[in-house]
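Contents: one structure, followed by commentary.
A note on names: the letters A, B, ... follow the listed sequences, proteins ahead of strands, and every chain is numbered from 1.
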There are 2 protein chains.
Amino acid sequence: MRIGEVAERAGVSVRALRYYEERGLVIADRSPSGHRRYPESAVERVKFIQLLYAAGLASKAIREILPFLDTLVATPRMTRRLMDERARIRARIDDLTKAHDRLDELIRLSAEYENTPAACPAT
Amino acid sequence: MRIGEVAERAGVSVRALRYYEERGLVIADRSPSGHRRYPESAVERVKFIQLLYAAGLASKAIREILPFLDTLVATPRMTRRLMDERARIRARIDDLTKAHDRLDELIRLSAEYENTPAACPAT
DNA sequence: CTAGAACCTCACGTCAACGTGAGGATCAAG
DNA sequence: CTTGATCCTCACGTTGACGTGAGGTTCTAG
(Lines give C-alpha, C1' and ligand atoms only; values in the text may rest on other atoms or scores of the structure.)
Protein backbone atom coordinates (compact mmCIF):
# COMPACT_ATOMS: atom_id res chain seq x y z
CA MET A 1 0.00 0.00 0.00
CA ARG A 2 1.24 3.51 -0.72
CA ILE A 3 1.66 6.18 1.90
CA GLY A 4 -1.27 8.29 0.76
CA GLU A 5 -3.72 5.46 1.17
CA VAL A 6 -2.40 4.52 4.60
CA ALA A 7 -2.70 8.15 5.65
CA GLU A 8 -6.28 8.42 4.52
CA ARG A 9 -7.41 5.11 5.97
CA ALA A 10 -5.69 5.73 9.30
CA GLY A 11 -6.82 9.32 9.48
CA VAL A 12 -3.41 10.96 9.72
CA SER A 13 -1.29 13.12 7.46
CA VAL A 14 1.37 11.82 5.11
CA ARG A 15 3.85 13.91 7.04
CA ALA A 16 2.87 12.14 10.25
CA LEU A 17 3.62 8.76 8.69
CA ARG A 18 7.07 9.89 7.61
CA TYR A 19 7.58 11.22 11.10
CA TYR A 20 6.55 7.90 12.63
CA GLU A 21 9.10 6.14 10.45
CA GLU A 22 11.75 8.61 11.53
CA ARG A 23 10.87 7.82 15.14
CA GLY A 24 11.06 4.11 14.43
CA LEU A 25 7.40 3.45 15.07
CA VAL A 26 6.45 2.17 11.65
CA ILE A 27 8.73 0.34 9.28
CA ALA A 28 8.04 0.58 5.57
CA ASP A 29 10.02 -1.09 2.85
CA ARG A 30 10.68 0.71 -0.36
CA SER A 31 9.88 0.22 -4.01
CA PRO A 32 12.87 0.21 -6.36
CA SER A 33 12.26 3.90 -6.96
CA GLY A 34 12.29 4.71 -3.27
CA HIS A 35 8.58 5.01 -2.57
CA ARG A 36 7.35 3.61 0.75
CA ARG A 37 5.36 0.39 0.69
CA TYR A 38 3.16 -0.53 3.62
CA PRO A 39 1.48 -3.81 4.53
CA GLU A 40 -2.23 -3.85 5.29
CA SER A 41 -1.47 -4.12 8.98
CA ALA A 42 0.07 -0.67 8.94
CA VAL A 43 -3.34 0.97 9.12
CA GLU A 44 -4.24 -0.66 12.41
CA ARG A 45 -0.77 -0.06 13.72
CA VAL A 46 -0.99 3.64 12.99
CA LYS A 47 -4.41 3.84 14.59
CA PHE A 48 -2.95 2.28 17.69
CA ILE A 49 -0.11 4.77 17.66
CA GLN A 50 -2.64 7.56 17.44
CA LEU A 51 -4.50 6.14 20.40
CA LEU A 52 -1.35 6.15 22.48
CA TYR A 53 -0.32 9.62 21.35
CA ALA A 54 -3.77 10.86 22.25
CA ALA A 55 -3.27 9.37 25.68
CA GLY A 56 -0.17 11.46 26.09
CA LEU A 57 2.49 8.81 25.65
CA ALA A 58 5.81 10.01 24.29
CA SER A 59 7.17 8.40 21.15
CA LYS A 60 9.86 6.77 23.25
CA ALA A 61 7.29 4.98 25.35
CA ILE A 62 5.37 3.97 22.27
CA ARG A 63 8.51 2.59 20.71
CA GLU A 64 9.02 0.39 23.72
CA ILE A 65 5.50 -0.94 23.62
CA LEU A 66 4.91 -1.42 19.91
CA PRO A 67 7.10 -4.49 19.33
CA PHE A 68 4.64 -6.41 21.44
CA LEU A 69 2.12 -6.13 18.63
CA ASP A 70 4.51 -7.96 16.31
CA THR A 71 6.00 -10.62 18.54
CA LEU A 72 3.28 -10.97 21.17
CA VAL A 73 6.13 -11.51 23.56
CA ALA A 74 6.67 -9.03 26.35
CA THR A 75 10.08 -8.37 27.78
CA PRO A 76 10.14 -7.34 31.42
CA ARG A 77 10.97 -3.85 30.25
CA MET A 78 7.91 -3.77 28.05
CA THR A 79 5.66 -5.04 30.78
CA ARG A 80 6.98 -2.44 33.16
CA ARG A 81 6.45 0.26 30.59
CA LEU A 82 2.93 -0.90 29.92
CA MET A 83 2.07 -0.80 33.59
CA ASP A 84 3.78 2.54 34.13
CA GLU A 85 1.86 4.13 31.34
CA ARG A 86 -1.39 2.61 32.50
CA ALA A 87 -0.76 4.16 35.90
CA ARG A 88 0.09 7.52 34.33
CA ILE A 89 -3.12 7.48 32.35
CA ARG A 90 -5.12 6.58 35.42
CA ALA A 91 -3.58 9.49 37.31
CA ARG A 92 -4.33 11.76 34.38
CA ILE A 93 -7.93 10.67 34.36
CA ASP A 94 -8.14 11.55 38.03
CA ASP A 95 -6.77 15.03 37.37
CA LEU A 96 -9.21 15.57 34.56
CA THR A 97 -12.06 14.34 36.69
CA LYS A 98 -11.17 16.86 39.36
CA ALA A 99 -11.10 19.68 36.83
CA HIS A 100 -14.34 18.46 35.34
CA ASP A 101 -16.10 18.46 38.69
CA ARG A 102 -14.73 21.90 39.50
CA LEU A 103 -16.06 23.30 36.24
CA ASP A 104 -19.34 21.58 36.90
CA GLU A 105 -19.52 23.37 40.20
CA LEU A 106 -18.85 26.72 38.57
CA ILE A 107 -21.45 26.08 35.91
CA ARG A 108 -24.06 25.37 38.54
CA LEU A 109 -22.99 28.50 40.41
CA SER A 110 -23.23 30.63 37.31
CA ALA A 111 -26.71 29.29 36.67
CA GLU A 112 -27.85 30.90 39.88
CA TYR A 113 -26.79 34.36 38.75
CA GLU A 114 -27.81 34.09 35.14
CA ASN A 115 -30.92 32.95 33.44
CA THR A 116 -28.74 30.52 31.59
CA PRO A 117 -30.29 27.08 31.97
CA ALA A 118 -28.05 24.71 33.86
CA ALA A 119 -29.25 21.78 31.81
CA CYS A 120 -26.59 20.39 29.57
CA PRO A 121 -27.63 18.56 26.40
CA ALA A 122 -24.81 16.06 26.82
CA THR A 123 -25.59 15.11 30.40
CA MET B 1 2.74 39.06 49.50
CA ARG B 2 5.89 38.82 47.41
CA ILE B 3 6.23 36.66 44.35
CA GLY B 4 8.51 34.12 45.96
CA GLU B 5 6.06 33.30 48.70
CA VAL B 6 3.17 32.99 46.28
CA ALA B 7 5.25 30.67 44.15
CA GLU B 8 6.13 28.43 47.05
CA ARG B 9 2.66 28.31 48.52
CA ALA B 10 1.00 27.67 45.18
CA GLY B 11 3.61 25.16 44.12
CA VAL B 12 4.74 26.86 40.94
CA SER B 13 7.88 28.64 39.80
CA VAL B 14 8.46 32.35 40.01
CA ARG B 15 8.85 32.34 36.27
CA ALA B 16 5.41 30.79 35.90
CA LEU B 17 3.83 33.60 37.90
CA ARG B 18 5.44 36.22 35.71
CA TYR B 19 4.20 34.30 32.72
CA TYR B 20 0.65 34.22 34.11
CA GLU B 21 0.77 37.96 34.52
CA GLU B 22 2.00 38.35 30.96
CA ARG B 23 -0.97 36.27 29.83
CA GLY B 24 -3.34 38.36 31.91
CA LEU B 25 -4.31 35.56 34.27
CA VAL B 26 -3.07 37.14 37.49
CA ILE B 27 -2.93 40.82 38.21
CA ALA B 28 -0.33 42.05 40.67
CA ASP B 29 0.18 45.61 41.72
CA ARG B 30 3.64 46.92 42.26
CA SER B 31 5.63 48.35 45.13
CA PRO B 32 7.19 51.78 44.50
CA SER B 33 10.37 50.03 43.46
CA GLY B 34 8.59 47.84 40.96
CA HIS B 35 8.32 44.57 42.87
CA ARG B 36 5.11 42.60 42.45
CA ARG B 37 2.66 42.56 45.36
CA TYR B 38 0.02 39.85 45.57
CA PRO B 39 -3.08 39.59 47.73
CA GLU B 40 -3.66 36.44 49.77
CA SER B 41 -6.25 35.29 47.27
CA ALA B 42 -3.57 34.95 44.61
CA VAL B 43 -2.48 31.60 46.00
CA GLU B 44 -5.86 29.99 45.48
CA ARG B 45 -6.21 31.68 42.13
CA VAL B 46 -2.93 30.26 40.94
CA LYS B 47 -3.84 26.80 42.17
CA PHE B 48 -7.03 27.02 40.18
CA ILE B 49 -5.08 28.09 37.12
CA GLN B 50 -2.83 25.09 37.58
CA LEU B 51 -5.85 22.84 37.78
CA LEU B 52 -7.15 24.16 34.50
CA TYR B 53 -3.77 23.99 32.79
CA ALA B 54 -3.44 20.41 33.98
CA ALA B 55 -6.79 19.73 32.37
CA GLY B 56 -5.43 20.95 29.06
CA LEU B 57 -7.16 24.31 28.86
CA ALA B 58 -5.33 26.95 26.86
CA SER B 59 -4.50 30.23 28.54
CA LYS B 60 -7.06 31.93 26.34
CA ALA B 61 -9.82 29.74 27.69
CA ILE B 62 -8.61 30.26 31.23
CA ARG B 63 -8.60 33.99 30.71
CA GLU B 64 -12.23 33.83 29.69
CA ILE B 65 -13.21 31.80 32.71
CA LEU B 66 -11.19 33.42 35.48
CA PRO B 67 -13.12 36.69 35.86
CA PHE B 68 -15.98 34.62 37.20
CA LEU B 69 -13.96 34.00 40.35
CA ASP B 70 -13.84 37.73 40.99
CA THR B 71 -17.29 38.87 40.03
CA LEU B 72 -19.27 35.66 40.48
CA VAL B 73 -21.23 36.85 37.51
CA ALA B 74 -21.13 34.83 34.35
CA THR B 75 -21.56 36.39 30.96
CA PRO B 76 -23.13 34.19 28.33
CA ARG B 77 -19.71 33.90 26.74
CA MET B 78 -18.24 32.64 29.99
CA THR B 79 -20.99 30.15 30.53
CA ARG B 80 -20.55 28.85 27.03
CA ARG B 81 -16.82 28.56 27.53
CA LEU B 82 -17.30 26.73 30.80
CA MET B 83 -19.61 24.22 29.21
CA ASP B 84 -17.43 23.83 26.13
CA GLU B 85 -14.42 23.05 28.24
CA ARG B 86 -16.34 20.69 30.42
CA ALA B 87 -17.36 18.82 27.29
CA ARG B 88 -13.81 18.81 26.02
CA ILE B 89 -12.57 17.37 29.27
CA ARG B 90 -15.26 14.74 29.24
CA ALA B 91 -14.25 13.72 25.72
CA ARG B 92 -10.64 13.64 26.78
CA ILE B 93 -11.47 11.36 29.68
CA ASP B 94 -13.19 9.04 27.24
CA ASP B 95 -10.10 8.92 25.04
CA LEU B 96 -7.90 8.21 28.00
CA THR B 97 -10.23 5.53 29.21
CA LYS B 98 -10.05 3.84 25.83
CA ALA B 99 -6.28 3.90 25.89
CA HIS B 100 -6.27 2.68 29.46
CA ASP B 101 -8.46 -0.28 28.64
CA ARG B 102 -6.38 -1.09 25.60
CA LEU B 103 -3.19 -1.13 27.66
CA ASP B 104 -4.95 -3.21 30.25
CA GLU B 105 -5.77 -5.73 27.58
CA LEU B 106 -2.17 -5.87 26.44
CA ILE B 107 -0.94 -6.28 29.99
CA ARG B 108 -3.22 -9.24 30.50
CA LEU B 109 -2.07 -10.67 27.19
CA SER B 110 1.56 -10.28 28.09
CA ALA B 111 0.97 -12.03 31.39
CA GLU B 112 0.09 -15.16 29.46
CA TYR B 113 3.46 -15.27 27.75
CA GLU B 114 5.61 -14.17 30.61
CA ASN B 115 5.87 -15.20 34.19
CA THR B 116 5.31 -11.56 35.03
CA PRO B 117 2.49 -11.40 37.54
CA ALA B 118 -0.52 -9.62 36.16
CA ALA B 119 -1.44 -8.27 39.55
CA CYS B 120 -1.04 -4.57 39.82
CA PRO B 121 -0.38 -3.01 43.21
CA ALA B 122 -2.57 -0.05 42.41
CA THR B 123 -5.61 -2.02 41.36
C1' DC C 1 4.01 10.99 -24.60
C1' DT C 2 2.47 14.17 -21.59
C1' DA C 3 0.15 16.31 -17.82
C1' DG C 4 -1.19 16.17 -13.21
C1' DA C 5 -1.30 13.49 -9.06
C1' DA C 6 1.49 11.42 -5.77
C1' DC C 7 5.88 10.62 -4.06
C1' DC C 8 10.75 11.82 -2.41
C1' DT C 9 14.32 14.43 0.74
C1' DC C 10 15.98 18.30 3.12
C1' DA C 11 15.22 21.77 6.33
C1' DC C 12 13.18 25.67 8.56
C1' DG C 13 8.61 27.21 11.04
C1' DT C 14 5.07 26.59 14.74
C1' DC C 15 2.98 26.75 19.38
C1' DA C 16 2.66 26.66 24.50
C1' DA C 17 4.38 27.03 28.96
C1' DC C 18 7.65 27.86 30.81
C1' DG C 19 13.50 27.20 31.78
C1' DT C 20 17.64 29.58 31.91
C1' DG C 21 21.16 32.82 32.07
C1' DA C 22 22.67 37.97 31.67
C1' DG C 23 23.07 42.03 33.89
C1' DG C 24 21.45 44.89 37.29
C1' DA C 25 18.36 46.98 41.27
C1' DT C 26 16.20 46.30 45.95
C1' DC C 27 15.29 44.39 50.40
C1' DA C 28 16.07 42.65 55.30
C1' DA C 29 19.29 41.69 58.76
C1' DG C 30 23.30 42.47 61.53
C1' DC D 1 26.90 49.92 55.36
C1' DT D 2 27.51 45.73 53.57
C1' DT D 3 26.14 41.25 52.15
C1' DG D 4 23.28 37.67 50.66
C1' DA D 5 18.65 36.71 49.40
C1' DT D 6 15.12 38.23 46.45
C1' DC D 7 13.48 40.85 42.90
C1' DC D 8 13.46 43.16 38.15
C1' DT D 9 13.51 43.10 32.76
C1' DC D 10 14.99 41.44 28.48
C1' DA D 11 15.53 37.76 25.48
C1' DC D 12 16.99 33.41 23.69
C1' DG D 13 16.50 28.08 24.50
C1' DT D 14 13.57 23.83 25.02
C1' DT D 15 10.40 20.00 23.64
C1' DG D 16 7.17 17.22 20.66
C1' DA D 17 4.55 16.29 16.78
C1' DC D 18 4.07 17.55 13.17
C1' DG D 19 3.07 21.91 9.13
C1' DT D 20 4.88 23.95 5.22
C1' DG D 21 7.33 25.14 1.31
C1' DA D 22 11.42 24.22 -1.99
C1' DG D 23 13.07 21.69 -5.52
C1' DG D 24 13.01 17.53 -7.84
C1' DT D 25 11.47 12.41 -9.30
C1' DT D 26 7.94 8.84 -10.29
C1' DC D 27 3.49 6.99 -11.30
C1' DT D 28 -0.76 6.67 -13.85
C1' DA D 29 -4.51 7.80 -16.91
C1' DG D 30 -5.67 9.12 -21.44
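Nucleotide dC27(C) holds its C1' atom 18 Å from the CE atom of Met1(B), rounded to whole Å. Put simply, CZ on Arg63(A) is 12 Å from C1' on dG16(D), counting in whole angstrom units. Glu21(A) places its CD atom 15 Å from the C1' atom of dC10(C), with the value rounded to the nearest Å. In this structure, His35(B) places its NE2 atom 6 Å from P of dC8(D), rounding to the nearest Å. If you measure from atom CD1 of Ile3(B) to atom C1' of dC27(C), you get 15 Å, rounded to the nearest angstrom.
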Practice item. Produce a footprint string for nucleotides 11-22 of chain C: one letter per nucleotide, 5' end first; B if the base is under 4.0 Å from any protein heavy atom, S if only the sugar-phosphate is, - if neither. Key: B-----BBBB--
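Within the structure, a side-chain polar atom (N or O) of Arg36(A) is placed less than 4.0 Å from OP1 or OP2 of dC8(C). Neither OP1 nor OP2 of dC18(D) sits under 4.0 Å from any side-chain N or O of Arg18(A).
Proximity of the aromatic rings of Tyr20(B) and Tyr53(B) is defined here by a centroid distance below 6.0 angstrom, and this criterion is met.
Ile27(A) and Phe48(A) fall into different hydrophobic clusters, defined by Ile, Leu, Val, Met, Phe, Trp and Tyr side-chain heavy atoms under 4.5 Å apart, directly or through other members.
Glu85(B) CD to Arg88(B) CZ: the interatomic distance, rounded to the nearest 0.5 Å, is 4.5 Å. Of the inter-residue distances, the one linking Arg92(B) atom CZ with Asp95(A) atom CG reads 11.5 Å to the nearest 0.5 angstrom.
When each of Ser33(A) and Arg2(B) is assigned the nucleotide of DNA chain C bearing its nearest heavy atom, the one mapping closer to the 5' terminus is Ser33(A).
Residues Arg36(B) and Arg2(B) have side chains not in contact (no heavy-atom distance under 4.5 Å, counting atoms from C-beta outward).
For the pair Arg90(A) (side chain) and His100(B) (backbone), a donor-acceptor distance under 3.5 Å is absent.
At a threshold of 4.0 angstrom between heavy atoms, the contacts of Arg30(A) are confined to the sugar-phosphate backbone, with no base atom among them.
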